[in-house]
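Just follow the structure's listing: the first ligand is 1, and inside any ligand the first atom is 1.
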Amino acid sequence: MTNKTDRIIIFDTTLRDGEQCPGATLNIDEKLVIAKQLARLGVDIIEAGFAFASPGDFEAVSKIAKIVGTENGPVICSLARAIKADIEAAAEALKPAVNARIHTFISTSDIHLEYQLRKSRAEVLAIAEEMVAYAKSFMTDVEFSPMDAARSDPEFLYQVLERAIAAGATTVNIPDTVGYTTPSEFGAIIKGIIENVPNIDQAIISVHGHNDLGLAVANFLEAVKNGARQLECTINGIGERAGNASLEELVMALHVRRQYFNPYLGRPEESQESLTNIDTRQIYKTSRLVSNLTGMLVQPNKAIVGANAFAHESGIHQDGVLKNKLTYEIMDAQLIGLTDNQIVLGKHSGRNAFRTRLKELGFELSDTELNKAFVRFKEVADKKKDISDWDLEAIVNDEIQQAPDLFRVELVQVSCGSNACPTATVTLRTPEGEELTDAAIGTGPVDAVYKAINRVVNVPNELIEFSVQSVTAGIDAIGEVTIRLRYESKVFSGHAANTDIIVASAQAYVNALNRLYSALQKQEKPEEVSAQKV
Ligand code: KIV
Ligand code: ZN
C-alpha cells in the first residue's frame with residue numbers, strides 16, 4: 001500500500017467516537033439503521049464500535065459486520081486498545097464482515113504516558129509493535145493510532161509509527177485527541193512523518209481530530225495537502241466534547257474546492273472527478289437521521305446541513321440570488337440532497353405513490369415499516385393538506401425509529417390558556433399492556449403533560465433539554481420535538497414528530513423514558529458503560 005492514492009478515503013466514526021457524546025447513546029437497531037445509511041452515503045470504512053466495551057457494543061459491531069459488511073459494502077472496523085483481550089473481541093465481532101479492520105491504539109504523548117498509562121516510552125514502543133502484530137494475526141487490514149499524537153514528541157512518534165508499520169499496520173492514524181493543533185502545525189506533523197518514517201510508503205496516513213478549538217476540519221484539509229489520505233470523521237461532527245471533524249464539511253470542501261485540492265492528489269487542476277466516494281446527495285438525509293436518532297440537534301447555522309445553510313435573509317443577497325444564484329451561493333442545495341421542497345403528496349395519494357416517493361428519497365423500508373409509515377402519513381394528511389418531502393422524512397424517521405416500545409402514549413389532553421391553570425391528563429399503555437391514566441398541573445401545558453407522565457412511569461429523571469422545531473413553514477406544519485433527560489450520570493434522548501406539538505412532546509418524552517427504562521431493565525449501570533468508552 002502507498003500514500004500515493006489519488007483519492008481521499010472516508011472513515012466514518014459516528015457509531016464509535018460520535019456515539020460517545022453525552023446522550024447520543026444508540027441502541028443496536030438504531031446503529032444498524034445508521035450503518036445502512038452510511039453505506040448508502042458511500043463511506044469507505046465504518047467504525048461500528050468498540051467491541052470489547054460492553055456486550056451491547058460487541059453485538060452492534062457483529063450485527064453491522066454481518067448485515068452491512070457485504071462484498072460490495074464498506075469495510076467494517078472495531079476499535080481495540082492495544083490489549084490482547086480487546087483485539088480478540090474485535091476480531092470475533094468482525095468475523096461476519098467480508099472486509100474487516102481492527103483499529104488498535106495506545107497513547108504516545110508524555111503526558112498520557114506519565115499520568116494515564118504510567119509506562120515508559122520503551123514499554124509503549126514494545127506494546128505497539130506486539131499488539132499490531134497480534135491484530136495482524138487475525139486479519140490483514142490493521143490500523144494503528146498513537147493516541148494524542150499531535151502532542152507527542154515527533155521523534156518518538158516516528159519510531160512508534162515505523163515499528164507499527166513493520167509489524168503490519170496498513171493504516172497509521174494521527175489523532176489530535178484534544179483538538180489542540182492549528183492547521184499549519186498539523187500539516188507539518190504529517191509532512192514530518194512522511195519525511196522521517198522510513199517505511200511510511202507501506203501505509204496510508206489517516207487523520208483523526210477533535211474540534212475543541214473549532215479547527216478540526218481546517219486541520220484535516222491541511223493534512224490532505226501534506227499527504228494524509230484517510231479522514232476520520234462523523235456525521236454532523238458529533239463526538240466527544242466539542243465533537244469530531246464533520247464528514248459533510250470535509251466532503252463538501254473537497255468537492256466544491258476540488259480544483260484547489262486536485263494538484264495535491266496528483267490530479268490535473270481542472271479535473272472534475274470527485275475526490276471521495278461519497279454520494280453527496282445522501283448527505284442531508286444522513287444528517288437528519290443521525291440527529292433524530294441521537295437527539296443531537298444540528299445548530300441552524302451549521303455549515304452544509306444547518307437549517308440556514310442555504311437560506312438568504314438579507315435583501316441584497318436575495319436580490320443577487322434571484323438574478324444569478326452564483327452571486328451568493330457556492331454550491332447547489334440539491335448537491336447535498338435537499339430538494340426544492342416541492343409538494344408531492346396529499347390525502348388522496350395512495351400507498352403506491354407513497355412507496356415510490358419514499359424510494360426516490362432513498363428510504364428502503366420493510367413491508368411492516370412501510371405499513372406503519374403509511375398509516376401515519378394518512379393521519380397527517382388528514383390534518384395537513386400538502387405533504388412535502390421534509391414532512392415525509394419526518395414521518396418515516398419517526399415511525400421507524402428504534403426506541404424500545406415499552407410505554408406507549410394512548411391519550412393526551414390539556415387545558416391551558418391565559419388566566420388558566422395548565423392541566424394535563426395522559427393515558428399510557430404500560431409494558432404489561434395495562435392502561436394507566438393520571439393528571440397533573442404544571443407551569444405550562446408541556447410541563448403538566450410531563451408531570452402527569454412521571455406520575456405513571458415513576459422513574460426519577462431530570463429534563464435537561466427540550467426543543468421544538470417546525471419541519472416546514474405554515475401554521476399546519478409538523479413539529480418535531482427533541483428532548484434529553486438525565487438519570488444519574490447518563491443522558492437519554494427522545495424524538496417525535498406530530499402536527500400537534502403537545503402530543504409530539506409527550507411522545508418524545510415517553511420515547512426517552514423508554515430508553516431509560518430499558519437500560520434500567522438491562523441493569524446497565526450508566527457509570528460502567530461510560531467508563532469503558534475511550
Ligand atoms: O481521539 C482519539 O485519539 C481517538 C483514538 C482512539 C483514535 O478517538
Ligand atoms: Zn477521538
### Task
Evaluate the ring planes of Phe11 and His103, with Trp represented by its six-membered ring, and classify them as parallel (under 30°), tilted (30 to 60°) or perpendicular (over 60°).
perpendicular
### Task
For the Zn ion (ligand 2), count the protein N, O or S atoms found under 2.8 Å away.
3
### Query
Cut-off 3.5 Å, side chains only: do Asn308 and Asn301 have a donor facing an acceptor?
no
### Query
Does His103, backbone or side chain, put an N or O under 3.5 Å from an N or O of ligand 1?
no
### Task
Over 60° means perpendicular and under 30° means parallel, so classify the ring planes of His208 and His210, tilted if in between.
tilted
### Message
I'd like to check whether Arg16 has a polar contact with ligand 1, where a contact means an N/O of the residue lying under 3.5 Å from an N/O of the ligand.
### Response
yes
### side chain to side chain contact (heavy atoms under 4.5 Å, CB included) involving Pro96 - partner list, sequence neighbours excluded
Ser62, Ala65, Lys66
### Where at least one partner belongs to residues 170-183, residue pairs that pass salt bridge (charged side-chain N to carboxylate O under 4.0 Å, His left out), sequence neighbours excluded
none
### Any residue meeting side chain to side chain contact (heavy atoms under 4.5 Å, CB included) with Lys191, in chain and number order, not counting sequence neighbours
Glu195, Asn226
### Query
Does Arg121 count as lying over the ring of Phe156, i.e. NZ or CZ under 6.0 Å from the six-ring centre, within 45 degrees of the axis?
yes
### Summary
Counting from 1 in the order shown, the ligand 1 atoms closer than 4.0 Å to a non-hydrogen atom of Pro175 are 3 (O)
### Query
What atoms in ligand 1 come closer than 4.0 Å to a heavy atom of Met147?
3 (O)
### Message
Under a 3.5 Å cutoff, is there a donor and acceptor pairing between the side chains of Tyr134 and Glu88?
### Response
yes
### Task
Check each heavy atom of His210 against ligand 1 and say whether those closer than 4.0 Å belong to the side chain, the backbone, both or neither.
side chain
### Message
Test your reading of the model: is there a side-chain donor-acceptor pair from Arg229 to the backbone of Arg7, 3.5 Å cut-off?
### Response
no
### Message
Given Asp17, Thr177, Asp148, Asn173, identify the one with the heavy atom nearest to atom 3 (O) of ligand 1.
### Response
Thr177
